[in-house]
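Scroll down for the structure; my scribbles are underneath it.
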Amino acid sequence: MTLTRATVRTPKKLSSPSFFHQPIHPHSAISANDFSVAEVRRILESADALEKDNPIKRANRLAKRRVALLFYESSTRTRTSFELAAKALGADTTLVSSLSSSIEKGESLKDTGITLKALGAECIILRSPYSGAPYLLARATGLPILNAGDGMAEHPSQALLDLRTILQFLAIRSSTVNEKSLRGVTLTICGDILHSRVARSNALLLPRLGAKVILCGPPEFLPDLAAEMTPGLVIERDFDSALRQSQIVMMLRIQAERLAGVQIDLDDYRTRYQANAERIAARAPQALIMHPGPIIRGMEITAEVADGPHSAIANQVYNGVPIRMALVARALSTVAKKRGPK
Ligand code: CP
């Protein structure tokens with residue numbers, strides 16, 4: 001068969017010059033800065049409502065809508081909770097992971113996104129080792145993109161579920177959340193801040209609700225300029241001093257997969273920055289202990305603290321499903337049309 005112009009026809013929509021430069025869908029969640037405080041409140045309220053919803057009614061909300069999970073990095077909590085969240089709303093989900101798809105053969109993120117869209121995906125949940133990858137996917141597909149963690153950049157759904165956990169600890173109702181809700185609250189984020197997308201999203205979100213956020217760690221994991229990321233951040237190298245000021249402590253693991261030549265004496269690190277029972281009992285006995293996971297027991301946190309009475313680690317994981325239900329529902333909701341002048 002000879003291929004002629006008539007037989008090699010590109011679908012009109014795909015050949016449009018604007019196809020690869022689409023606006024970012026307004027219901028995407030790529031950065032914690034994508035949400036105004038009012039939007040954060042709405043997401044928290046939606047999470048509460050969906051959590052309480054009758055499961056049968058809830059399973060009709062997104063019945064037969066298609067959600068794709070595109071994971072280029074391993075994940076336990078984020079992937080499972082996004083999938084459970086989408087399924088709880090009745091959506092059909094499909095998982096594409098880099099190890100069992102045509103990504104292995106060299107297919108690009110852009111082409112993978114376009115393929116998923118052509119297969120009917122209405123929303124893509126993306127985890128990527130590359131910072132900024134969700135923006136590329138959003139521009140290439142025009143679909144709402146939910147960032148499930150991009151490189152060292154951001155993990156906005158984690159920041160929202162962390163916020164829900166903090167509000168529950170402080171007994172603050174979602175409906176009252178505003179710019180002053182966390183005024184007077186000091187939270188320390190300790191560990192490998194440099195490589196942590198969780199730290200970045202929390203550091204962007206929590207000060208906007210009034211919290212004082214202390215970043216703590218050695219210079220290898222916490223450059224001085226980190227304090228310039230957003231107003232309301234303070235750098236404290238001395239973990240004991242940070243603990244004395246804090247009602248909430250968020251520990252982070254060392255991201256071995258992103259260290260790229262960083263040299264660190266692990267025994268010294270443990271001595272100075274490990275959350276262990278003796279240190280917490282002496283400096284912050286009532287503090288809420290958080291960790292996004294995965295935890296490395298015996299490194300940044302001991303088993304005694306991780307499993308102790310003040311640990312909120314399991315609560316954080318639990319809060320992943322309601323928050324991600326709210327994000328998936330928001331992603332697939334109708335975009336309100338802007339009203340023109342009357
Ligand atoms: N907190 C978090 O992102 O965990 P996973 O890597 O298991 O998804």
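We count ligands from 1, going down the list as the structure has it; atoms in each ligand are counted the same way. The residues of the chain are indexed from 1 along the displayed sequence. Computed over heavy atoms, backbone and side chain alike; hydrogens, waters and symmetry mates excluded.
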Using a 4.0 Å cutoff against the non-hydrogen atoms of G293, which atoms of ligand 1 qualify? 1 (N), 2 (C), 4 (O)

Checking the N or O distance criterion of under 3.5 Å, is ligand 1 in contact with S75? yes

Please work out which of E73, R127, R77 has its closest non-hydrogen atom nearest to atom 4 (O) of ligand 1. R77

Can you confirm if the NZ or CZ of R127 lies within 45° of the ring axis of F71 and under 6.0 Å from the centre of its six-membered ring? no

Please indicate whether any nitrogen or oxygen in P292 is less than 3.5 Å from any nitrogen or oxygen in ligand 1. yes

Which class fits the ring pair Y273 and F239: parallel under 30°, tilted 30 to 60°, perpendicular over 60°? tilted

Flag the pair E220 and R272 as a salt bridge only when some basic side-chain nitrogen lies within less than 4.0 angstrom of an acidic carboxylate oxygen. no

Do the side chains of D307 and R297 get close enough for a salt bridge, i.e. N-O under 4.0 angstrom? yes

Okay, side chain of S128, backbone of Y130: is any donor-acceptor separation there less than 3.5 Å? yes

Within a distance under 4.0 Å of any heavy atom of T78, pick out the atoms of ligand 1 and give their elements. 2 (C), 3 (O), 4 (O), 5 (P), 8 (O)

Are any of the N or O atoms of Q158 closer than 3.5 Å to those of ligand 1? yes

Find out if a path of hydrophobic residues (ILVMFWY) with successive side-chain heavy-atom gaps under 4.5 Å connects L222 to L243. no

At a 4.0 Å threshold, what atoms of ligand 1 neighbour a non-hydrogen atom of T76? 5 (P), 7 (O), 8 (O)

